[in-house]
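Accompanying notes for the structure given below.
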There are 2 protein chains.
Amino acid sequence: MSTPQTSTSQTARSTLTRARVLASAVALADREGVGALTMRSLARELGIEAMSLYHHVASKEDLLDGVTDLVVQEIQAAVAGIEPAPEDTPPSDWKHALRRRILTARSVLLRHPWAPAVLETRTGFSPHVVRYHDALVALLRRGGLSYDLVHHAMHALGSRALGFSQELFDPSGPGGDPAPTADDEALLARMADEAPHIVAMLAEVAHEDPESTLGWCDDQTEFEFGLDLILDGLERLAQREAR
Amino acid sequence: MSTPQTSTSQTARSTLTRARVLASAVALADREGVGALTMRSLARELGIEAMSLYHHVASKEDLLDGVTDLVVQEIQAAVAGIEPAPEDTPPSDWKHALRRRILTARSVLLRHPWAPAVLETRTGFSPHVVRYHDALVALLRRGGLSYDLVHHAMHALGSRALGFSQELFDPSGPGGDPAPTADDEALLARMADEAPHIVAMLAEVAHEDPESTLGWCDDQTEFEFGLDLILDGLERLAQREAR
DNA sequence: GGGCCTACCTTACGGCGTAAGGCTTACAGC
DNA sequence: GCTGTAAGCCTTACGCCGTAAGGTAGGCCC
């Protein structure tokens, strides 16, 4: 053992680490949804027994914390790849910089459709989640907004800051799978009695915009609409604050 | 047994119905959180066995569907109590009417702190949820907005239409219980390294607004801020549309 | 070499949703 | 009144889940 290199027994080829456990968990959730992410299934994926996982994560909650943090880390990496740090962006550009960051975050989440649902159940302060939001705060501050307005802005954005917004009644479950179920028309017909205005609205919107996502609404378009609504409102408040 | 009155054996006093099951489930969730709402615990509450519940609900999913629908029904009742139907409100008042409806919905949800988390997991079309949204659509339509703008508006509001918005990292878990945990300062100190801007913001905001909820942010104020931001933006778009 | 630590495994517990089937009671038609 | 049928409730049991408790085998330091 004169050489200080890391040991080399038969387990060295695939020593388990927390990072490997978390990466495997993300892969499994991507492939089969969070519902299929159990301690036993994750262990099977890694070729070990369920209880061995507890040497690398404290509990299932801790596992989910780590998994969401990993996804947000991926978001941060994507954001860092496309634009300079907040300190180096022109202050006047805060709205477009913020918008770009958020849409980039969204593009990452689209690769992990289960992540929003898990994120919403996390109450702790995952390191990368905090860092991500800290960068947003820095961006807005450099844009000249008061801390008070920045604070309101963060609350107004809510989960939109990370690139998603929960849609009530979305026929595709939280597991992703946006397949348009083809019986949408039957559903609308059944709803016609108790929701005539919604049905009329959907009929007209679908007619005016036939190339949107089949039958149901185009998430990306709607997300951007809501995001811009908020950003424009914030910009107006910022301008009023500045003068 | 000559009298045709409803029978009188020992079980007649408290015949179970779906409505009674759902009401009990809401009460139990209010008291002990959704986590404590299991088929067995609910049966215990009703003095029956778990499997007997399946004569009134198809599954646990169906139970949760019914429970959320009951809460939204409560919202509708509260809304109906404070203001006229959409057909009878002056069209020009749409913004204030919408605001009042939403804040009323929120006041009901504050009595059922577990409800937002459950609502977000429902992907179906609960009757009362649909009816509630239909009334909002009617209100906006009568205000002169195009179906297209109404459609965008509903998506922009998202869960805010029902009176809640998920806050990422909220130290109080989804079970309610907004007790400020008193180690907030320790938490902030730990965060100072990786989130200096957030810490600075919170320090200043807390200083400027000491009478807000202890240590953490005032949900109601922030909710109204975000809501008004969206409503004002919609109003501006509606005015642009009208001319 | 003895003791300790780390990583992994084995076994087992209690709780969950619910499938399958049995028992009792109420009522309709003869 | 007798009987078939159905509803309402119960009993038992299965296969999941997270995880507590404890065992074992190899590598490290004294």
Side-chain angles (χ1 to χ4, degrees), chain A residues 1-25 28-29 32-67 114 117-118 121-122 173 175, chain B residues 1-25 28-29 32-67 114 117-118 121-122 173 175:
Chain A
M1 199 55 78
S2 56
T3 60
Q5 71 183 24
T6 53
S7 80
T8 56
S9 79
Q10 94 275 20
T11 62
R13 199 191 85 255
S14 62
T15 300
L16 227 47
T17 62
R18 177 175 233 261
R20 271 171 43 83
V21 167
L22 296 182
S24 243
L28 193 127
E32 305 179 25
V34 274
L37 175 56
T38 70
M39 299 306 268
R40 289 177 225 261
S41 68
L42 177 55
R44 202 177 314 123
E45 173 113 343
L46 287 162
I48 60 171
E49 297 300 312
M51 290 308 292
S52 302
L53 291 169
Y54 286 85
H55 283 272
H56 304 99
V57 298
S59 63
K60 173 124 194 220
E61 282 292 288
D62 184 39
L63 175 71
L64 291 178
D65 281 346
V67 153
W114 48 271
V118 178
T121 67
R122 304 296 90 197
Chain B
M1 199 61 76
S2 56
T3 59
Q5 70 183 20
T6 54
S7 81
T8 56
S9 77
Q10 91 274 25
T11 62
R13 202 191 81 256
S14 61
T15 301
L16 228 46
T17 62
R18 176 174 234 262
R20 270 172 43 83
V21 168
L22 295 182
S24 243
L28 188 96
E32 306 180 25
V34 274
L37 175 57
T38 70
M39 300 305 268
R40 289 176 224 263
S41 68
L42 177 56
R44 202 178 312 124
E45 172 114 342
L46 287 163
I48 61 170
E49 297 300 314
M51 289 309 293
S52 302
L53 291 169
Y54 286 85
H55 284 271
H56 304 99
V57 298
S59 63
K60 174 128 195 217
E61 282 292 289
D62 183 41
L63 174 72
L64 291 177
D65 280 347
V67 153
W114 47 270
V118 179
T121 67
R122 303 298 89 197

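Naming: A, B, ... by sequence-line order, numbering from 1 per chain.
Using a 4.5 Å heavy-atom threshold, the side chains of L22(B) and H56(B) count as separate.
Remark: side-chain polar atoms of T121(B) are paired, donor with acceptor, to backbone N or O of V118(B) under 3.5 angstrom.
For residues 32-51 of chain B, the set of pairs meeting the salt bridge (Lys or Arg N to Asp or Glu O under 4.0 Å) definition, not counting sequence neighbours, comprises R31(B)-E45(B).
Using a 4.0 Å cut-off on heavy atoms, the residues of residues 48-59 of chain B that approach DNA chain D are I48(B), E49(B), M51(B), S52(B), H55(B), H56(B), listed by number.
In this structure R18(B) satisfies the salt bridge (Lys or Arg N to Asp or Glu O under 4.0 Å) test together with D62(B), sequence neighbours excluded. With sequence neighbours left out, the side chain to side chain donor-acceptor pair (under 3.5 Å) criterion links S41(A) to T38(A).
Across L37(B) and K60(B), no two heavy atoms sit closer than the pair O-NZ, 2.8 Å. Shortest non-hydrogen contact noted between L63(B) and A25(B) is CD1-CB, 4.2 Å.
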Inset, instruction - For DNA chain D, just give me the dot-bracket, please: Watson-Crick or G-U, both distances below 3.5 Å, ( ) intra-strand, [ ] crossing earlier pairs, | paired with another strand, . unpaired. - result: ||||||||||||||||||||||||||||||
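Between the side chain of R40(B) and the base of dG15(C), no donor-acceptor pair of N or O atoms lies under 3.5 Å.
Rounding to whole angstrom units, CZ of residue R20(A) and P of dC8(C) are separated by 9 Å.
Here R122(B) contributes atom CZ and D65(B) contributes atom CG; the two are 5.0 Å apart, rounded to the nearest 0.5 Å.
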